[in-house]
Amino acid sequence: MSVRILPAAVAAFFGCGLASAAAADLTIVIDGLRSDRGEVKLCVFSAETSNKAVFPDCVTGRPVKQGSAIIRGGRVVVTYSGLKPGVYAVASIHDENGDGKLDTNIVGIPTEGIGVSNNPMLYGKPEFAKSAFEIAGDTRVAITAKYFF
């Protein structure tokens, strides 16, 4: 009787292991925030399902994960679970005044902090391709907040 149960138990064990290996955790660390005021808004975009053309717009970009985080000591650490292997990009804003949006000046330059994965030089709207990274297992991404004013 135990011989019949053992193969079933082994198959169940390995089956569960394979299922969990497909999903990964993404840990996002954002440093360089100039204050602990407000919160950080985050969006995770997928090359497969998000609208890459409008990256980093979290409203029309169809991010696969999004949320807010409280800032402690000029830093935020957030983990999103259950991401499929693939290509992703992260966008963030430091919403210092808590109005839920990125504030800009009269010519459209952000007056609050922004950040995207890979920390590319920003001379205008960030591009998905320059911010993209691959998830093939648990992944950690470091972002440095940028301020223009």
Side-chain angles (χ1 to χ4, degrees), residues 10-149:
V10 170
F13 174 79
F14 283 113
C16 290
L18 292 174
S20 64
D25 290 348
L26 171 62
T27 299
I28 304 163
V29 179
I30 302 175
D31 285 305
L33 296 157
R34 69 179 169 198
S35 76
D36 288 358
R37 288 190 325 244
E39 62 186 2
V40 170
K41 304 260 184 216
L42 297 131
C43 294
V44 179
F45 290 76
S46 163
E48 184 179 334
T49 61
S50 298
N51 184 349
K52 299 181 302 251
V54 299
F55 177 82
D57 186 336
C58 295
V59 176
T60 61
R62 296 187 317 270
V64 294
K65 301 279 185 179
Q66 63 184 14
S68 300
I70 295 173
I71 305 161
R72 300 214 191 298
R75 180 178 225 223
V76 163
V77 179
V78 175
T79 300
Y80 291 111
S81 299
L83 292 166
K84 299 185 327 183
V87 175
Y88 294 85
V90 175
S92 66
I93 66 167
H94 179 189
D95 183 16
E96 288 181 280
N97 62 6
D99 67 354
K101 63 183 177 73
L102 177 65
D103 294 333
T104 60
N105 67 13
I106 196 163
V107 293
I109 298 171
T111 57
E112 295 179 303
I114 62 172
V116 294
S117 43
N118 294 338
N119 298 301
M121 294 297 290
L122 298 177
Y123 301 105
K125 182 174 120 28
E127 298 174 28
F128 182 91
K130 290 183 179 176
S131 305
F133 61 92
E134 187 168 354
I135 292 180
D138 291 349
T139 304
R140 184 178 180 96
V141 171
I143 296 173
T144 302
K146 293 177 176 59
Y147 297 87
F148 300 99
F149 292 98

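Quick note: residue numbers are just sequence positions, from 1. Here the structure is a predicted model, which means the values were calculated and not measured.
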Atom pair OG1/CG of T27 and D25 - distance to nearest 0.5 Å
6.0 Å
Looking only at heavy atoms, which two atoms of E96 and S35 are closest? And how far apart?
OE2-OG, 3.4 Å
Output all residues satisfying ring pair (Phe, Tyr, Trp, His ring centres under 6.0 Å) with F55, sequence neighbours left out; order by chain, then residue number.
F45, F128
To the nearest 0.5 Å, what is the distance between OH (Y88) and OG1 (T49)?
7.0 Å
Can you pull the side chain to side chain donor-acceptor pair (under 3.5 Å) pairs that have at least one residue in residues 119-133, sequence neighbours excluded?
none
How long is the straight-line distance from NE2 of H94 back to CD1 of I114, given to the nearest 0.5 Å?
13.0 Å
Minimum heavy-atom distance between G100 and D95, given as atom pair plus value
N-OD2, 2.7 Å
F148 and N105: CA distance, side-chain angles, deciding distance, side chain to side chain contact (heavy atoms under 4.5 Å, CB included) verdict:
CA-CA 10 Å; F148 300 99; N105 67 13; over 6 Å; no
Over 12 non-hydrogen atoms of neighbours within 6.0 angstrom of CZ in R140
no
Shortest non-hydrogen contact between Y80 and L83, atoms and distance:
O-CD1, 4.3 Å
Ignoring hydrogens, what is the shortest heavy-atom contact between V40 and V76? Give both atom names and the distance.
CG2-CG2, 3.7 Å
Suppose the criterion is salt bridge (Lys or Arg N to Asp or Glu O under 4.0 Å): which pairs have a residue in residues 54-78, not counting sequence neighbours?
D31-R75
Among V141, V90, I135, find the one that has a side-chain contact (heavy atoms from CB on, under 4.5 Å) with V44.
V90
Closest heavy-atom contact between A145 and G32?
CB-O, 3.9 Å
N118 side chain to A132 main-chain N or O, any donor-acceptor pair under 3.5 Å?
yes
When rounded to the nearest 0.5 Å, the distance separating OG of S92 from CG of L33 is 7.5 Å
Which distance, rounded to the nearest 0.5 Å, do you find between the OG1 of T144 and the CD1 of I30?
9.5 Å
Measure the spacing between CZ of R37 and CD1 of I71 and express it to the nearest 0.5 Å.
9.5 Å
Taking all non-hydrogen atoms of both residues into account, name the closest pair between S46 and K52 and its distance.
O-CG, 4.5 Å
